Amino acid sequence: VELKAQFTFKDGLSPWGNSKSIASDQDDLLFSFFESSLVCVTFSFQALEAFCNYSISRTWRKPVEVKKRKKKEALHHESAEREISTEDKLKSILPRIYDIPTPSGKAVWERFIKLKRARDACVHIKYQDQYPLGAEIDQESLFYQFLNNDPLSFPEAAAELIAYFYSKQEQPRWLRQMPPLRSNT
């Protein structure tokens, strides 16, 4: 957020029409911003992965029932950590552990999906994320998304989803005492 606030934009033209670009003397600032954005997205998602695995192996420690090839199968909790995607853990496994409805379909889930897409693009960066082609350049580029969205939305999405699972019980101290990502000034 602090890096983004330092950008100086200039108007210009692109093959798609009018555009804005960051002043060319700010390349170091821009690359630091992108690096920080990559770290922010990656660690926000990793926080959710760690929470899921903690919940399964430390909190629950039971076999985890999953459907594989249309059959139910019980996985040892350590196997479940490795074999079940983070998305499936959040959508199907953790609601059973915390005895709450699935977050899927709720606003908190939509913010998670944005985080997941950004994380997938960061970790598995494709050519399209680096050099988008076609008319959808502004929506498709990972770096455009970093520039045109609030960088704090990613850690907020992770924290909000973790807090969702504690809606029926007291939040752990680390979650209660987590400092707000935005100042209230």
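Values in this document were obtained by computation on a predicted structure and should not be read as measured data.
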Peer 1: Test of understanding: with side chain to side chain donor-acceptor pair (under 3.5 Å), list the residues that count as partners of Ser55, not counting sequence neighbours.
Peer 2: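 Once residues adjacent in sequence are excluded, the partners of Ser55 under the side chain to side chain donor-acceptor pair (under 3.5 Å) criterion are Tyr98.
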Peer 1: Short question: side chain of Thr102, backbone of Lys91 - any donor-acceptor pair under 3.5 Å?
Peer 2: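 Pair found, side chain donor or acceptor close to backbone of Lys91.
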Peer 1: Not counting sequence neighbours, list each pair that qualifies as a salt bridge (Lys or Arg N to Asp or Glu O under 4.0 Å) and has a residue in residues 73-86.
Peer 2: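 Output for this query lists Lys68-Glu83.
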Peer 1: Does anything in residues 161-172 form a salt bridge (Lys or Arg N to Asp or Glu O under 4.0 Å)? List the pairs, not counting sequence neighbours.
Peer 2: Asp99-Lys168, Glu170-Arg176
Peer 1: Please say which of Ile84, Leu94, Leu75 ends up in a side-chain contact (heavy atoms from CB on, under 4.5 Å) with Ile56.
Peer 2: Leu94
Peer 1: Can you tell me how the ring of Phe34 sits relative to the ring of Phe31, calling it parallel under 30°, perpendicular over 60° and tilted otherwise?
Peer 2: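 Plane angle over 60°, so perpendicular.
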Peer 1: Tell me whether the count of non-hydrogen atoms from other residues, nucleotides or ligands lying under 6.0 Å of CD in Glu2 goes above 12.
Peer 2: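 No, the 6.0 Å shell around CD holds no more than 12 heavy atoms from other groups.
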Peer 1: Has Lys4 got a side-chain atom pairing as donor or acceptor with Leu147's backbone, closer than 3.5 angstrom?
Peer 2: yes
Peer 1: Does any N or O in the side chain of Asn149 come within less than 3.5 Å of the main-chain N or O of Gln145, such that one atom is a donor and the other an acceptor?
Peer 2: yes
Peer 1: Tyr166 vs Phe51 aromatic rings, parallel, tilted or perpendicular, using cut-offs 30° and 60°?
Peer 2: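 Ring orientation, 0 to 90° scale: tilted.
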Peer 1: Sort and list the pairs that fulfil side-chain hydrogen bond (donor to acceptor under 3.5 Å, both in side chains) and have at least one residue in residues 29-41, not counting sequence neighbours.
Peer 2: none
Peer 1: Any link between Trp174 and Phe43 through a network of hydrophobic side chains (Ile, Leu, Val, Met, Phe, Trp, Tyr) touching at under 4.5 Å?
Peer 2: no
Peer 1: Kindly write out the residues that satisfy side chain to side chain donor-acceptor pair (under 3.5 Å) with Arg173, not counting sequence neighbours, or none if the list is empty.
Peer 2: none
Peer 1: Hey, is CG on Asp28 packed in by over 12 heavy atoms from elsewhere, all under 6.0 Å?
Peer 2: no
Peer 1: Mind jotting down which residue pairs meet the side-chain hydrogen bond (donor to acceptor under 3.5 Å, both in side chains) criterion with at least one end in residues 111-125? Sequence neighbours excluded, please.
Peer 2: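 Every side-chain hydrogen bond (donor to acceptor under 3.5 Å, both in side chains) pair that includes a residue of residues 111-125, provided the two are not neighbours, is Arg111-Glu160, Lys116-Asp120.
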